[in-house]
Amino acid sequence: MRLRNVKGARDVLAESSFVIKGPEEFRGKWRQTLGGRERLHIEIGMGKGRFLLEMARKNPHIQYIGVEMYASVLVRAVQKMEELKEQAPPNIRFLNMQAEYLENCFAPGEVDKIYLNFSDPWPKARHAKRRLTSEPFLARYEKFLSEKGSLEFKTDNRELFEFSLESVRERGWKLLACTFDLHGDAELCRDNVMTEYEQKFSGQGKLICKLAACPPEPGSGQAA
């Protein structure tokens with residue numbers, strides 16, 4: 001995926017109070033440091049932040065952290081927050097980093113939910129381990145998800161969705177919900193918040209797939 005470089009994006013991120021610098025220092029104390037909210041949810045690959053912003057508005061009791069590796073993408077979310085000023089939700093912050101290193105930033109049991117929305121499919125087989133729903137990434141998430149924590153994943157890519165279902169099964173995770181047509185499922189779509197891509201793709205008539213899953217219980221022997 002080619003991204004247009006936004007001049008000065010890194011400088012904007014460095015100066016913004018919405019972007020956490022040195023996130024490793026927050027490990028084990030995110031809730032206390034950012035307002036003491038009862039739950040901590042993160043979105044990995046948050047894009048321009050539409051989904052996260054709406055979720056933060058709807059759930060002021062939850063602390064949201066958006067993770068985005070591309071500065072030129074994250075800067076758009078930061079600019080939106082800066083435009084909102086006093087109306088910006090106080091329960092949202094951002095990290096400009098790669099998902100591979102999140103276990104260095106979150107302590108065991110610290111995160112209650114992970115959102116993966118329209119992640120890069122990495123279509124070539126040799127790049128399968130880079131997919132955010134691959135077994136190596138599921139193993140990383142297990143290190144910081146809480147005992148009752150879960151993951152929610154949405155995509156319009158049928159092949160990636162089927163790959164993700166297989167990864168969940170192979171890793172021993174419990175499938176909590178699954179649909180190949182989210183917008184046609186009244187129950188799962190009831191509280192659905194759409195992302196930019198979701199609105200675009202569904203408008204083109206593409207079906208949106210969604211799954212929710214949680215890691216094996218500690219001591220089950222299913223994950224290694």
Side-chain angles (χ1 to χ4, degrees), residues 30 37-59 61-68 77 89 91-92 94-95 99 102-103 106 109-121 131-202 206-217 223:
W30 284 97
R37 295 178 180 84
E38 60 190 68
R39 296 175 67 78
L40 177 62
H41 293 187
I42 68 174
E43 183 185 7
I44 303 175
M46 54 160 281
K48 298 177 183 178
R50 171 178 172 169
F51 172 84
L52 210 63
L53 182 59
E54 183 61 25
M55 292 295 287
R57 284 171 169 162
K58 293 179 64 174
N59 303 288
H61 61 291
I62 297 175
Q63 178 66 55
Y64 290 92
I65 303 290
V67 182
E68 176 56 56
N91 57 328
I92 180 171
F94 306 124
L95 297 180
L102 287 175
E103 62 193 86
F106 297 104
E110 193 165 28
V111 174
D112 297 294
K113 185 170 286 188
I114 297 171
Y115 298 100
L116 302 175
N117 292 316
F118 300 86
S119 307
D120 191 330
R131 298 169 189 161
L132 293 179
T133 52
S134 66
E135 284 197 65
F137 272 102
L138 295 180
R140 291 184 176 102
Y141 306 150
E142 290 166 10
K143 295 180 180 180
F144 53 80
L145 271 173
S146 63
E147 185 176 345
K148 295 182 179 180
S150 62
L151 175 150
E152 293 188 6
F153 171 60
K154 291 193 289 187
T155 183
D156 67 304
N157 188 306
R158 180 69 176 251
E159 291 184 3
L160 177 61
F161 191 68
E162 292 177 344
F163 167 87
S164 304
L165 285 172
E166 184 62 24
S167 294
V168 164
R169 286 191 287 263
E170 289 292 326
R171 189 67 196 170
W173 283 44
K174 180 181 178 181
L175 194 63
L176 303 174
C178 176
T179 180
F180 287 87
D181 182 10
L182 174 60
H183 295 174
D185 188 314
E187 181 65 25
L188 290 181
C189 200
R190 182 184 304 166
D191 299 315
N192 183 56
V193 172
M194 289 207 291
T195 73
E196 292 96 335
Y197 280 130
E198 184 173 357
Q199 185 175 44
K200 174 183 176 181
F201 294 145
S202 62
K206 295 182 179 180
L207 296 182
I208 305 302
C209 305
K210 179 178 180 177
L211 69 80
C214 63
E217 295 182 5

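Along the sequence shown, the residues carry numbers beginning at 1.
More than 12 non-hydrogen atoms from other residues, nucleotides or ligands lie less than 6.0 angstrom from NZ of Lys210. Taking a 6.0 Å sphere around CD of Glu147, one finds it holds 12 or fewer heavy atoms contributed by other residues, nucleotides or ligands. The number of heavy atoms from other shown groups lying within 6.0 Å of NZ (Lys58) is above 12.
Looking at residues two or more places apart in sequence or on another chain, you find a side chain to side chain contact (heavy atoms under 4.5 Å, CB included) between Lys206 and Asp156, Phe201, Gln204. Residues satisfying the side chain to side chain donor-acceptor pair (under 3.5 Å) criterion with Tyr141, sequence neighbours excluded, are absent altogether. Residues passing the side chain to side chain donor-acceptor pair (under 3.5 Å) test with Glu54: none are found, sequence neighbours excluded.
Note that CD1 of Ile114 and CD1 of Ile44 are 5.0 Å apart. Values are rounded to the nearest 0.5 Å.
Counting only distance, with no hydrogens or angles, the side chain of Asn91 and the backbone of Ile62 share a donor-acceptor pair below 3.5 Å.
For the side-chain hydrogen bond (donor to acceptor under 3.5 Å, both in side chains) criterion with Arg50, the lone passing option out of Glu196, Glu198, Gln199 is Gln199. In summary, of the residues considered (Phe106, Tyr64, Phe144), a ring-ring contact (aromatic ring centres under 6.0 Å, His included) with Trp30 occurs for Phe106 alone. Under the side-chain hydrogen bond (donor to acceptor under 3.5 Å, both in side chains) rule, Thr133 has a single partner from Ser119, Ser167, Ser164, which is Ser164.
Residues Phe51 and Val193 approach most closely at CD1-O, 3.3 Å, considering heavy atoms.
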Query raised in the report: Phe180 and Glu162: side-chain contact (heavy atoms from CB on, under 4.5 Å), yes or no, with the steps?
Result: CA-CA 10 Å; Phe180 287 87; Glu162 292 177 344; 4.2 Å; yes
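In this structure, Arg158 fails the cation-pi test against Phe161, since its NZ or CZ atom is not both closer than 6.0 Å to the six-membered ring centre and inside 45 degrees of the ring normal.
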